[in-house]
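Shown next, in structure tokens, is the structure this report addresses.
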Number of protein chains: 2
Amino acid sequence: MLGEAETDVGSAPVRDRRAEQRDRTREEIVAAAWERCRAEGLAGLSLRDLASAVGMRAPSLYSYFDSKLAIYDAMFAEGCQQFLDEVVDLPRTGETMTDLTTSLRHFVEFCASDHVRHQLLFQRTIPGFEPSPESYAISVQGLEVLGEWFRDLGFDDPADLDLATAVGSGLASQQISNDPGGDRWLRLVDDAVEMLVAHLERKTETQTQARTTRGEP
Amino acid sequence: MLGEAETDVGSAPVRDRRAEQRDRTREEIVAAAWERCRAEGLAGLSLRDLASAVGMRAPSLYSYFDSKLAIYDAMFAEGCQQFLDEVVDLPRTGETMTDLTTSLRHFVEFCASDHVRHQLLFQRTIPGFEPSPESYAISVQGLEVLGEWFRDLGFDDPADLDLATAVGSGLASQQISNDPGGDRWLRLVDDAVEMLVAHLERKTETQTQARTTRGEP
DNA sequence: CTGCTTCTCCTAACACCGTTCGAACTATGG
DNA sequence: CCATAGTTCGAACGGTGTTAGGAGAAGCAG
């Protein structure tokens with residue numbers, strides 16, 4: 001990002017170095033905020049602390065973020081983007097059991113690997129915090145990718161997806177609350193997928209059976 | 001240890017009115033704390049606010065509780081006691097599907113009916129808060145009752161209970177996070193129990209089958 | 001009743017919090 | 001070089017949980 005100026009003779013594209021530096025500092029602040037939250041708890045973040053972690057005093061942070069909640073919002077967006085990036089990179093086979101196992105395992109591991117991020121992304125815990133529309137859009141996008149994948153596997157009923165997300169978030173929250181760092185619930189993923197698939201397939205089966213006996217196509 | 005002085009003749013036992021009044025005030029403070037938390041968020045509780053809700057100033061609260069966290073602890077204990085009381089009162093038939101549905105539905109409804117209580121009891125969200133041993137014991141007791149019930153229904157593997165609690169906490173957390181006040185996940189309880197039971201029975205079946213083919217009893 | 005103790009409640013204050021203001025400083029563009 | 005925009009910071013404001021110390025009420029002994 002530094003060497004590619006002057007693509008041409010003389011006419012150097014005027015890169016806004018000011019804005020670049022600003023974005024870099026913003027990112028540095030957010031990274032330090034994650035670090036502080038992991039140390040002190042999500043709600044234990046102190047702006048004076050955070051500022052000194054990046055070599056500033058508290059008021060200077062307000063050149064980069066409107067408020068403390070805006071910092072949480074940037075963290076929220078970053079966490080959602082991480083999830084989205086990871087989900088679109090997951091390998092897909094089209095085979096129900098395999099793909100469901102892949103996605104569910106990834107979800108539980110994503111949640112369990114960073115309980116602060118899980119708290120910020122999936123629990124409403126900070127008084128007054130609400131993701132901005134832009135950040136929320138990323139969140140929706142990530143879940144939408146999962147939903148599409150799920151439908152591609154042949155599960156059309158929205159209730160099926162609701163049941164699957166419940167199982168996923170249940171495994172994750174139990175893992176985080178009762179065995180942080182361990183695998184007591186993580187190792188149940190294969191079992192859970194087997195359980196889910198058997199149930200969903202049995203359900204669709206009895207439904208189509210009911211339809212055919214009623215003479216529908 | 002307070003009321004049983006003067007074990008003797010009719011003489012009205014000298015009740016420690018001081019201590020009784022004190023306990024009543026403590027309870028009043030805790031009740032007001034629930035109310036304030038439901039209005040301002042669990043972490044949004046302010047001692048000056050809480051004090052004025054019971055007609056005091058903030059420092060007076062310290063006659064009744066050692067700290068703000070001690071108030072959270074009293075709330076935690078009360079919430080756990082509510083859960084325990086409700087669980088032991090649930091009707092039991094001994095029939096697997098019926099009883100599992102009863103307990104799971106109760107759990108999800110208990111969680112969903114008070115998201116502040118759910119946050120305090122089941123999520124680690126307040127920096128520095130950790131239930132006291134006495135409060136934690138009530139929590140363990142409640143879950144132990146559920147666990148015993150579960151084992152009485154014939155599910156011996158601890159992993160089975162883990163899977164069941166995961167499904168319960170997943171339904172609850174999804175209900176609270178994504179449809180507070182509604183029933184989008186609540187109405188999946190019957191489905192979820194059916195799914196669980198089918199899975200657990202299929203599992204025990206294949207296990208006993210594997211054992212008998214290996215010649216074990 | 002008077003004294004004495006104990007408990008309750010208060011005001012004042014401390015250290016910290018998020019946030020705002022306004023002044024100093026610095027780097028950039030003309 | 002100068003003007004301007006962006007950055008940093010000290011000081012301060014109103015809030016937080018918490019502590020110290022004193023005033024007043026309640027209970028009990030004589």
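Protein chains get the first letters and strands the later ones, always in sequence-line order, with residue 1 at the start of each. Just so you know, these numbers use all the heavy atoms, side chains as well, and skip hydrogens, waters and symmetry mates.
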| field | Test of ring centre spacing under 6.0 Å for A/His118 and A/Phe83 | value | no
| query | Are the aromatic rings of A/Phe65 and A/Tyr72 close, with centres under 6.0 Å apart? | reply | no
Nearest-Å distance for atom pair [atom1]/[atom2], residues [X] and [N]:
X	N	atom1	atom2	value
A/Leu50	C/dC17	CG	P	12 Å
B/Arg26	C/dC7	CZ	P	15 Å
B/Arg36	D/dT16	CZ	C1'	15 Å
B/Tyr72	D/dT18	OH	C1'	15 Å
A/Glu40	C/dC16	CD	C1'	14 Å
A/Asp73	C/dG18	CG	P	17 Å
A/Tyr62	C/dG18	OH	P	7 Å
B/Leu61	D/dT16	CG	C1'	14 Å

| field | The single option from A/Gln21, A/Glu27, A/Arg22 passing side chain to side chain donor-acceptor pair (under 3.5 Å) against A/Thr25 | value |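 Of the listed residues A/Gln21, A/Glu27, A/Arg22, the side chain to side chain donor-acceptor pair (under 3.5 Å) partner of A/Thr25 is A/Gln21.
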| request: Look at all strands and tell whether B/Ile71 reaches a base, only sugar-phosphate, or nothing, counting heavy atoms closer than 4.0 Å. | output: nothing
| request: Take B/Arg36 and B/Asp49 through the test salt bridge (charged side-chain N to carboxylate O under 4.0 Å, His left out) and record every step on the way to the result. | output: CA-CA 8 Å; B/Arg36 294 316 300 143; B/Asp49 231 41; 3.0 Å; yes
| request: Mark yes or no for whether A/Asp183, through its side chain, and A/Arg187, through its backbone, hold a donor-acceptor pair below 3.5 Å. | output: no
| request: Assess whether atom CG of A/Asp66 is packed by more than 12 heavy atoms of other residues, nucleotides or ligands within 6.0 Å. | output: no
| Basic-acidic side-chain contact under 4.0 Å: A/Arg151, A/Asp156 |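 Looking at A/Arg151 and A/Asp156, the cut-off is not met.
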| query | Between A/Leu50 and A/Ile29, what is the shortest heavy-atom contact and its length? | reply | CD1-O, 3.7 Å
List every contact pair, protein side and nucleotides 7-11 of chain D side both N or O, where the distance is under 3.5 Å.
from   : atom 1 : to      : atom 2 : distance (Å)
D/dT7  : OP2    : A/Arg22 : NH1    : 3.3
D/dT8  : OP2    : A/Tyr64 : OH     : 2.8
D/dC9  : OP2    : A/Arg57 : N      : 2.9
D/dC9  : OP2    : A/Ser60 : OG     : 3.1
D/dG10 : OP2    : A/Arg57 : NH1    : 2.9

| said: Just by distance, no angles: are the side chains of B/Trp185 and B/Asp179 close enough, under 3.5 Å, to form a donor-acceptor pair? | reply: no
| field | Angle of first-five versus last-five pair axes in the helix from C/dC1-D/dG30 to C/dG30-D/dC1, to 10 degrees | value | 10°
